[in-house]
Amino acid sequence: MSTAATQATSVICTLHIWPSRWNLPSIDPTCIAAIFYLQLTIPGKFEVVECTNPDVSPSGKLPFLTHGHATVSSVPAIISFVSSLVKSTSSGARDLDASLSALQRAKRTAWCSHVEANIGDLVAYSFYSVDDNFWKLTNPIMASMLPIPQRYYVPGRIREMHRPRLEAAGLWTQTASESEKDSFGKRQKKDDPKDSYARAFERDKVSALAKASFALYAKLLNGQKFFFGERPTTLDVYLASHILLLLDPPFPDHLMRCILEDSYPMLAEHARNVQTEVSQIPRQYLVAPAQKHSLLSLIPRPLTNPPKTKESRMDEADLRFRRMRWMWFALAFGGVACYVAQLWIKVTVVEANRRPRRVQRHKADQFTEHEAKVMDEEEGKEDEDEDASVQDGDE
């Protein structure tokens, strides 16, 4: 192999994920899946960077992986990229699915998509749909991770992003309407018997949907330690990353945890088995220092990556979008500056025009007062003359 290729494979990978909580690598199931997969395939040859700004990702979502000049986003793309490293003898990468047949690989791909869609909806339901879970757990946790002012609106925006998908799946069970919240997003308590009945009905419906999904994987697992034998595969990583987020977070409403522990303990045990396999690897991944937020984080700026090659350069549309964004900010600031300058000039001119008028009015008032005094004095003299003439006539 060439020297350039050897150097490329020796470059450490950097995985950008949502921060960790509850003794789990991340608060996002796809981020946990990416960490588990990398730790099982290239242990000790990647580092993790906790990130709370998905805009730095090429796809606008976390996780994403950087390796040299290459940047890949989404778990399937990361898996495909790491699989390409397996072909390099110096990379030391291991293929989790090397023992699978062509048919098993096809089933694995289909089941991974099913996990991300169905079990992913159950995870989103627990974090964003249940009102108590969102306001007492999800919102405070995300607010503690985010800088000001993002902490005040980003959790709500993420919740609204999940809403259409959960509504389509029949898992949007938030009974508190928008009118029951004040301008600061705080809930106002309203005791309505109809809401209690609606919550009970929706809880039963969600429970039935969850049991139907869990039953499929319990049947597929069929009492085995892992789906395809004694070693974890990509499918095991996908499912375990979602199940762990249903078990470990301290949800106020822990419906999913109760279903798993009471009806499908084999799925909980399977998730713990995968977690144990990952934790027992001697070479653990590195965790980069957390990002420090300041007022400068409010200013949009490009991601500080190493110099890009021709293959990884932004296409013309991305460049145009970035230029237009900076032009918009420049025009906005310029417009504000022009408005303030014009307003200041108008105020100055008005004040300058008012001063002569005030002087003229003051002089006119003084002249009027003087005339009034003169007229009063003249009238007084005339009255005195009249009185004197009357007295002379009487004499």
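Values reported hereafter were calculated over all heavy atoms of this structure, with side chains retained and with hydrogens, waters and symmetry mates removed. Positions are given from 1, in the same order as the sequence printed here.
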Exercise for review: Please test Leu331 against Phe329 for side chain to side chain contact (heavy atoms under 4.5 Å, CB included), starting from the C-alpha separation and ending with a verdict.
Suggested key: CA-CA 5 Å; Leu331 290 173; Phe329 278 106; over 6 Å; no
Nearest 0.5 Å, please: how far is [atom2] in [Y] from [atom1] in [X]?
X	Y	atom1	atom2	result
Ser73	Leu62	OG	CG	7.5 Å
Met142	Leu137	CE	CG	11.0 Å
Ile243	Gln275	CD1	CD	12.5 Å
Phe36	Ser26	CZ	OG	10.5 Å
Ile158	Tyr128	CD1	OH	5.0 Å
Ser263	Lys211	OG	NZ	4.5 Å

**Study point:** Side-chain ion pair, Arg231 and Asp95, N-O less than 4.0 Å
**Key:** no
**Study point:** Lys/Arg N to Asp/Glu carboxylate O, Asp97 vs Arg105, below 4.0 Å
**Key:** no
Point to revise | Closest heavy-atom pair and its distance - Val206, Gly170 | key: CG2-O, 4.4 Å
I'd like to know if the side chain of [X] reaches the main chain of [Y], judged simply by a donor and an acceptor atom lying under 3.5 Å from each other, with no hydrogens or angles considered.
X	Y	result
Arg257	Leu247	yes
Gln224	Leu221	yes
Gln39	Arg283	yes
His254	Pro250	no
Arg165	Ala117	yes
Ser241	Val237	yes
Arg21	Ile27	no
Ser113	Thr109	yes
Ser129	Leu171	yes
Ser57	Phe64	no

Measuring only between side-chain heavy atoms, which start at C-beta, is [X] closer than 4.5 Å to [Y]?
X	Y	answer
Pro232	Phe227	no
Thr30	Tyr238	no
Pro63	Val75	yes
Val130	Phe251	no
Ile17	Val49	no
Thr14	His67	no
Leu38	Val48	no
Leu260	Pro265	no

Practice item. Just do the salt bridge (Lys or Arg N to Asp or Glu O under 4.0 Å) check on Asp131 and Lys136 with the steps written out, would you? Key: CA-CA 8 Å; Asp131 208 45; Lys136 295 180 181 179; over 6 Å; no
Practice item. Establish, yes or no, whether a centroid distance under 6.0 Å links the rings of His114 and Tyr217. Key: yes
Under the salt bridge (Lys or Arg N to Asp or Glu O under 4.0 Å) test, residues paired with [X] that sit two or more places apart:
X	answer
Arg203	Asp253
Asp28	none
Glu269	none

Check your understanding: Any link between Tyr152 and Met161 through a network of hydrophobic side chains (Ile, Leu, Val, Met, Phe, Trp, Tyr) touching at under 4.5 Å?
Key -> no
**Study point:** Same apolar cluster: Phe201 and Trp172, side chain cutoff 4.5 Å
**Key:** no
Review point. Are Leu15 and Ile78 close enough, and set up right, to give a side chain to side chain contact (heavy atoms under 4.5 Å, CB included), and what steps lead you there?
Key: CA-CA 9 Å; Leu15 182 66; Ile78 292 173; 3.9 Å; yes
**Study point:** Residue Asp262 excluded, over 12 heavy atoms near CG under 6.0 Å
**Key:** yes
Review point. What's the verdict on side chain to side chain contact (heavy atoms under 4.5 Å, CB included) for Ile35 and Tyr285, showing C-alpha distance, side-chain angles and the deciding distance?
Key: CA-CA 9 Å; Ile35 291 177; Tyr285 55 86; 3.6 Å; yes
Review point. Is the Lys NZ or Arg CZ of Arg159 less than 6.0 Å from the centre of Phe134's six-membered ring, within 45° of the axis?
Key: yes
Check your understanding: After noting the C-alpha distance and the side-chain angles of Leu255 and Tyr125, does the key distance pass the side chain to side chain contact (heavy atoms under 4.5 Å, CB included) rule?
Key -> CA-CA 10 Å; Leu255 173 63; Tyr125 162 83; 4.1 Å; yes
Exercise for review: State, without any angle test, whether Asp204 and Ser207 hold a side-chain donor-acceptor pair at a distance under 3.5 Å.
Suggested key: no
Exercise for review: Assess the side chains of Ser20 and Glu50: does a donor N or O sit below 3.5 Å from an acceptor N or O?
Suggested key: yes
Can you list the residues that meet the side chain to side chain contact (heavy atoms under 4.5 Å, CB included) rule with [X], with sequence neighbours excluded?
X	value
Val123	Pro29, Phe127, His242, Leu245, Leu246
Lys225	Glu230, Asn273, Glu277
Ile345	Val349

